[in-house]
Asker: 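Structure incoming, see below.
Numbers here are sequence positions counted from 1.
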Amino acid sequence: MDETDTQIECALRPMICELNKLSMPDGSAMLMQGDTAVIAGVYGPIEAKAQKMIYDKASVEVVYSPLKGPQKINDRVVELYLKESCEAAIIVNLHPASAISINVQEIVDNGGLLACSINAACLALINSGISLKFTVAAVNCMIEKDTGNVILDPNSDQLQKSRAVLTFTYDSIKRNFISCQTSGRFTDKEFVECLDKCEQASTRIFEFYRDVVKKYVTAI
């Protein structure tokens with residue numbers, strides 16, 4: 001496989017990010033992946049409530065707000081993955097008995113919403129200046145029902161033809177995957193193929209982070 005083939009296989013939808021979009025949080029980021037868009041804000045470290053205080057490290061709280069109406073069960077699942085992914089990256093021992101709050105607001109969902117939310121939260125953490133062990137990048141993919149092909153970063157129209165949808169989150173140092181969310185049916189071989197392709201694609205997201213930081217370096 002030559003370099004051109006790899007670039008085609010790892011193609012992701014265009015990404016656009018704007019940092020410091022919100023004035024109140026310590027760090028914020030609005031991220032678009034294709035037509036999917038979310039905005040994330042990070043507050044902290046701040047004083048933790050007594051019932052949530054952890055004396056030897058910071059507690060990480062995540063609130064995910066859907067575009068319309070109250071939270072549903074799926075929104076709680078998004079919160080869980082956001083919390084696991086962000087908590088793995090933050091050096092929580094530096095801030096004992098404090099809280100770090102991450103708020104994510106859905107703007108448009110055109111596929112890959114969980115991945116976009118995790119990436120926006122990571123960019124907001126970078127913007128906030130909170131110490132991180134590494135950055136995290138999430139990649140969404142699907143297995144096409146008829147052909148069995150793996151499609152990276154599919155949109156809503158493509159997802160209607162999916163047999164399975166998978167989202168992987170990787171760290172920037174060893175490229176180990178931190179969290180994985182799946183739905184649908186797939187074989188072990190297909191899972192490994194998705195894992196490998198998403199890992200390759202995560203490199204593009206980490207490169208995007210670096211480009212964003214260079215652009216906003218005076219504001220971080």
Side-chain angles (χ1 to χ4, degrees), residues 12-44 60-90 100-128 130 132 135-142 152-159 165-170 172 178-181 183 198 201-202 204-213 215-216 219-220:
L12 301 174
R13 291 179 293 174
M15 299 176 69
I16 301 172
C17 177
E18 188 172 344
L19 300 183
N20 295 317
K21 189 67 176 177
L22 304 175
S23 59
M24 296 299 290
D26 297 299
S28 63
M30 184 173 73
L31 178 64
M32 291 185 66
Q33 292 189 220
D35 293 328
T36 299
V38 301
I39 188 163
V42 173
Y43 301 82
V60 179
E61 303 171 1
V62 176
V63 176
Y64 174 81
S65 302
L67 179 61
K68 296 180 181 178
Q71 278 192 335
K72 303 178 179 65
I73 294 176
N74 289 342
D75 300 323
R76 293 290 187 183
V77 173
V78 172
E79 280 186 348
L80 175 63
Y81 283 103
L82 277 165
K83 177 179 170 63
E84 288 182 350
S85 301
C86 294
E87 196 168 29
I90 298 169
I100 297 170
S101 178
I102 303 169
N103 294 348
V104 177
Q105 170 67 58
E106 173 191 344
I107 300 175
V108 180
D109 180 8
N110 189 36
L113 183 61
L114 175 58
C116 187
S117 298
I118 292 172
N119 296 337
C122 182
L123 284 162
L125 284 168
I126 294 171
N127 184 233
S128 72
I130 291 174
L132 304 175
T135 56
V136 295
V139 183
N140 179 242
C141 71
M142 61 168 267
L152 291 172
D153 199 16
N155 58 35
S156 295
D157 291 336
Q158 292 171 311
L159 287 169
V165 180
L166 305 92
T167 301
F168 298 96
T169 306
Y170 301 88
S172 58
I178 297 169
S179 63
C180 171
Q181 191 271 339
S183 63
C198 287
S202 69
R204 301 293 180 87
I205 298 177
F206 290 123
E207 290 173 354
F208 175 76
Y209 288 173
R210 286 192 285 271
D211 292 339
V212 170
V213 169
K215 180 180 177 181
Y216 285 91
I220 295 178

Asker: If you compare all heavy atoms of Ile178 against all heavy atoms of Ser85, which two are closest, and at what distance to 0.1 Å?
Answerer: CG2-CA, 4.3 Å

Asker: Quick one: CD on Glu61 to CD on Glu87, what's the gap to the nearest 0.5 Å?
Answerer: 10.5 Å

Asker: Can you find a pair of side-chain heavy atoms, one from Ile102 and one from Val63, that are under 4.5 Å apart?
Answerer: no

Asker: Is the side chain of Asp26 donor-acceptor paired with the backbone N or O of Gly44 at a distance under 3.5 Å, no angle test?
Answerer: yes

Asker: Sub-3.5 Å donor-acceptor pair from the side chain of Thr36 to the main-chain atoms of Leu113, do we have one?
Answerer: no

Asker: Give the table of side-chain donor-acceptor pairs shorter than 3.5 Å for residues 205-212, with sequence neighbours excluded, one pair per line with atom names and distance.
Answerer:
{"from": "Tyr209", "atom 1": "OH", "to": "Asn119", "atom 2": "OD1", "distance (Å)": "3.2"}
{"from": "Tyr209", "atom 1": "OH", "to": "Val136", "atom 2": "O", "distance (Å)": "2.8"}

Asker: Going by heavy atoms in the side chains, are Leu31 and Gln33 under 4.5 Å from each other?
Answerer: yes

Asker: Within a 6.0 Å radius of atom NZ on Lys83, are there more than 12 heavy atoms belonging to other residues, nucleotides or ligands?
Answerer: yes

Asker: Any sub-3.5 Å donor-acceptor pair from Ser28's side-chain atoms to Lys21's backbone N or O?
Answerer: yes

Asker: According to side-chain contact (heavy atoms from CB on, under 4.5 Å), who are the partners of Leu159, at least two apart in sequence or on a separate chain?
Answerer: Met142, Pro154, Val165

Asker: Please examine the side chains of Thr167 and Asn140, heavy atoms only from C-beta on, and report whether any two atoms are closer than 4.5 Å.
Answerer: yes

Asker: Going by the rule salt bridge (charged side-chain N to carboxylate O under 4.0 Å, His left out), which residues pair with Glu106 if we only count those two or more places apart in sequence or in a different chain?
Answerer: none

Asker: Flag the pair Ile39 / Ile107 as yes when at least one side-chain heavy-atom distance between them is below 4.5 Å, and no otherwise.
Answerer: yes

Asker: Please round to the nearest 0.5 Å and tell me the distance separating atom SG of Cys141 and atom CG of Leu12.
Answerer: 11.0 Å

Asker: Of all the heavy-atom pairs spanning Pro70 and Pro66, show the shortest one and how long it is.
Answerer: O-CG, 3.9 Å

Asker: Compare all side-chain heavy atoms of Phe168 with those of Ser202 and state whether any distance is below 4.5 angstrom.
Answerer: no

Asker: Within the 4.5 Å heavy-atom criterion, are Leu114 and Tyr81 side-chain neighbours or not?
Answerer: yes

Asker: Working note: Met15 + Arg204, criterion side chain to side chain contact (heavy atoms under 4.5 Å, CB included); need CA distance, chi angles, decisive distance, verdict.
Answerer: CA-CA 10 Å; Met15 299 176 69; Arg204 301 293 180 87; over 6 Å; no

Asker: Return yes if some donor-acceptor pair links the side-chain N/O of Asp109 with the main-chain N/O of Gly111 below 3.5 Å, else return no.
Answerer: yes

Asker: How many angstroms lie between atom CE of Met30 and atom CD of Gln105, to the nearest 0.5 angstrom?
Answerer: 12.5 Å

Asker: Measuring from atom SG of Cys86 to atom CD1 of Ile118, what distance do you get when rounded to the nearest 0.5 angstrom?
Answerer: 7.5 Å

Asker: Compare all side-chain heavy atoms of Leu152 with those of Val139 and state whether any distance is below 4.5 angstrom.
Answerer: yes

Asker: Could you pull out the closest heavy-atom pair between Val42 and Ala124, with the gap in Å?
Answerer: CG2-CB, 3.6 Å

Asker: Supply the atom-to-atom distance Leu19 CG to Ile126 CD1, rounded to the nearest 0.5 angstrom.
Answerer: 8.0 Å

Asker: Any chance you could lay out the side chain to side chain contact (heavy atoms under 4.5 Å, CB included) test for Ile90 and Leu125, step after step, and finish with the verdict?
Answerer: CA-CA 9 Å; Ile90 298 169; Leu125 284 168; 3.9 Å; yes

Asker: Do Ser156 and Asn110 have side-chain N/O donor and acceptor atoms under 3.5 Å apart?
Answerer: yes

Asker: Nearest 0.5 Å, what's the CE-CD distance between Met32 and Glu18?
Answerer: 11.5 Å

